[in-house]
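Report on the structure given below.
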Number of protein chains: 2
Amino acid sequence: MKRLTGKDVARAAGVSASAVSRAFTAENRLNKATRDHILKVAAEMGYRPNALARSLIKQESDLVAVVVGNTDGIYDKDFFNHLSTALQKRGKWALQIRSEDQENLAETLGKALMYPVAAAIVRAGTVDPQAIENSKQMNVPLIYTGLGPVIKGADCVWLNYKSGGLLGTRHLVRRGCKKIAYIGGIKGFTADTGRRDGYLEALQEAGLQPHSISQTKFDFESGMQIALNLLQSDNPPDAFYCVSDAAALGALNAAKSLLNLRVPEDVAIVGSDNMPMASWPCFDLTAATNPIDEIVQNLMETLEARLANLDQQEMSVVVEPQLVIRGSA
Amino acid sequence: MKRLTGKDVARAAGVSASAVSRAFTAENRLNKATRDHILKVAAEMGYRPNALARSLIKQESDLVAVVVGNTDGIYDKDFFNHLSTALQKRGKWALQIRSEDQENLAETLGKALMYPVAAAIVRAGTVDPQAIENSKQMNVPLIYTGLGPVIKGADCVWLNYKSGGLLGTRHLVRRGCKKIAYIGGIKGFTADTGRRDGYLEALQEAGLQPHSISQTKFDFESGMQIALNLLQSDNPPDAFYCVSDAAALGALNAAKSLLNLRVPEDVAIVGSDNMPMASWPCFDLTAATNPIDEIVQNLMETLEARLANLDQQEMSVVVEPQLVIRGSA
DNA sequence: CTGAAAGCGCTAACAC
DNA sequence: GTGTTAGCGCTTTCAG
């Protein structure tokens, strides 16, 4: 059994195929009576034009590839939800593309580009030159998010990570913390590099030495484990600046629930992202924001600007984090 | 500037368009040398067949619509991530379709069905007859999840919600709780109705009366607010059975962080879902599972069975929750 | 083993 | 204002 076609509707309505087509495309003028009649018949039969066939002839598409690198993160999940919703509000449909490991991203994107997407929005920790090459060959604009400040061959909307590191660490310094540990993310990821730079610069301003620099997968478990080890060591830190809210919540759990320490008295904790969860009473986490709404809004504007003019130069938008002070530091 | 076509590759490789097509479709036999040559040229040019055009002629599609009702829930976000990943592993691509309010679901789905999807997987709190009608007209199989036991005109994979309510409430009874409050979800949603039925039955078994029955949006904030009100009332409950982990965590926050009560000594709390977060030390939540892996696995099997035989009767798979006992009850 | 030709469902240019 | 025709990029008979 096959899908209903415009021809079927034309036959049922006693008109030509083009009349049916015209009834479903706003611009083409058609006698109101005929249009109404066609739409009525079509509705009865449950007909809708095939978007693929339309896309084929119009040489344009309402699909936008949304490429997801590593989404174990709680923040990422939230982010993609907002992004998909925003796209749909603008008449675009999100085609989800996942790549478990960063390495396969280009390959996976390549496969997905068999579908004629208007653009691809990529959230990843690092830039993949092969992915950019692929998308260029397919003539599909690529928009990175979470990376910056400038990407050769792609647009980007990025968070000023360094500024987040500065804001968070300066706040800890102002509180009087002397032994501030950095709980970082995956090596090489811009989110990690940038925040660490900010952390180091803030320490330098204050004439302090880094207490320690650790690596996580931006997640809760490794944040908790690292904090646990550090707090039980001979020389425990008096504060943590964390590369993500998830890692910060892990550290908070290690301190409060596992070691019965007081936060912020015994150890102060600052996160990065300011997810909704950060404001839960049991956490009450001080954090530098990574504002989803603002980033998604900028992504939509970048997307529209890019689709309006495919040939203009790379665009780059920077979003500035702000420090939200709560009870944890 | 337009997308590269098979014809372009044919010209560059000195062969016909059909040869190029054959090189990219496994079944068709082609001289190995010719195939290799064509694939080499195509790779150099960055050509990939247009999936839309292919879909048009083959009358089949690798797209699966993933319909998202209300996804503010932390659980739902996790669920959709797993679902998209599972689809992609099976060579399908998830086309995300969002509907803010339950009412517009049918309309939104209708629009999305302009794309020729192989099937649509819908996660919603209630069944929408109009959506089922739409998908039937478009000849697209519909698979519901989170709803059951049987849906006329659609397949479903559902959780035995009632069993979760029974398990959780019986556990509270066994602990010796006498004033067990039910923190429920949105009225009319199967997840709420089923769990409440289980809650009521377990109380009846024990000869207890319900302490109170409240309604949330399955979320943290309303769970917290309701628990706060109940615990500060003249007749506070000694236990909460909650319709979701999110609501349970809200209740836990109200009890521990806002009111300084001891959990489980002063008030015991049981959740439903057993999200990863439930095992965080600060929560240590006892909960009936809503196992994402198992549900997604069953969805994939149902999808494959349905695609293999479009005409067979409605299928229904039930997943049984299990009680995971931790410190909160 | 390969090329020419027809056609998937739709829209746009061209007739009338 | 409406129908006829050509063609989007691809796959698949059908010839050769």
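So you know, we letter chains A, B, ... as the sequences are listed, proteins then strands, and number each from 1.
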- Can you tell me how far P of C:dG9 sits from CG of B:Asn50, to the nearest Å? 16 Å

- Message: Which nucleotide wins on minimum distance to the side chain of A:Leu56, given the candidates D:dT11, C:dT11, D:dC8?
- Response: D:dC8

- Would you say C:dC10 has OP1 or OP2 under 4.0 Å from some side-chain N or O of A:Tyr47? yes

- Message: Check the phosphate of C:dG9 against A:Thr5, side-chain N and O only, distance under 4.0 Å to OP1 or OP2. Yes or no?
- Response: no

- Under 4.0 Å between a side-chain N/O of B:Gln59 and OP1 or OP2 of C:dG9, yes or no? yes

- Please collect all salt bridge (Lys or Arg N to Asp or Glu O under 4.0 Å) contacts where either partner lies in residues 138-151 of chain A, sequence neighbours excluded, each pair once. none

- Note on the structure: With sequence neighbours left out, the residues meeting side-chain hydrogen bond (donor to acceptor under 3.5 Å, both in side chains) with B:Ser61 are none

- Item | the helix from C:dC1-D:dG16 to C:dC16-D:dG1: angle between end helix axes, five pairs per end, rounded to 10 degrees | 40°

- Between P of D:dG3 and CZ of A:Arg11, the distance in whole Å: 14 Å

- Message: When you measure from the side chain of A:Gln130 to the backbone of A:Ala106, do you find a donor-acceptor pair of N or O atoms at a distance under 3.5 Å?
- Response: no

- In whole angstroms, how far is the P atom of D:dG9 from the CE atom of A:Met138? 12 Å

- Item | Length of the CG-P vector between A:Leu52 and D:dT11, whole Å | 13 Å

- Query: Taking only residues two or more places apart in sequence, or in another chain, which ones meet A:Tyr75 in a side-chain hydrogen bond (donor to acceptor under 3.5 Å, both in side chains)?
  - Reply: A:Asn290

- Item | Mutual orientation of the aromatic rings belonging to A:Trp93 and B:Tyr115 [parallel < 30°, tilted 30-60°, perpendicular > 60°] | perpendicular

Polar-atom pairs under 3.5 Å, protein N or O versus N or O of nucleotides 2-6 of chain C: list them with distances, or write none.
residue, atom, partner, partner atom, Å
C:dT2, OP1, B:Thr34, OG1, 2.6
C:dT2, OP2, B:Asn31, N, 2.8
C:dT2, OP2, B:Thr34, OG1, 3.2
C:dG3, OP2, B:Ser16, N, 3.2
C:dG3, OP2, B:Ser16, OG, 3.0
C:dG3, N7, B:Arg22, NH2, 2.7
C:dG3, O6, B:Arg22, NH1, 3.4
C:dG3, O6, B:Arg22, NH2, 3.2
C:dA4, N7, B:Ser18, OG, 3.4
C:dA4, N6, B:Ser18, OG, 3.3

- Taking NZ from A:Lys58 and C1' from C:dA12, how many angstroms apart are they, rounded to a whole number? 10 Å

- Would you mind reading off the distance between A:Leu113 atom CG and D:dG9 atom P, rounded to a whole angstrom? 17 Å

- Please, which pairs that meet ring-ring contact (aromatic ring centres under 6.0 Å, His included) have at least one residue in residues 118-141 of chain B, sequence neighbours excluded? none

Considering only distance and modelled atom types, tabulate donor-acceptor pairs under 3.5 Å from the side chains of residues 38-52 of chain B, sequence neighbours left out.
residue, atom, partner, partner atom, Å
B:Arg48, NE, A:Gly110, O, 3.0
B:Asn50, OD1, B:Leu52, N, 2.7
B:Asn50, OD1, B:Ala53, N, 3.4

- Query: Between D:dC8 atom C1' and B:Arg54 atom CZ, what is the distance in whole Å?
  - Reply: 17 Å

- Task: Enumerate the residue pairs fulfilling salt bridge (Lys or Arg N to Asp or Glu O under 4.0 Å) with a member in residues 290-302 of chain A, sequence neighbours excluded, ordered by first and then second residue.
- Result: none

- Task: Could you state the atom-to-atom distance from CE of B:Met114 to C1' of C:dC10 in whole Å?
- Result: 11 Å

- By side-chain hydrogen bond (donor to acceptor under 3.5 Å, both in side chains), which residues pair with B:Ser316, not counting sequence neighbours? B:Trp158

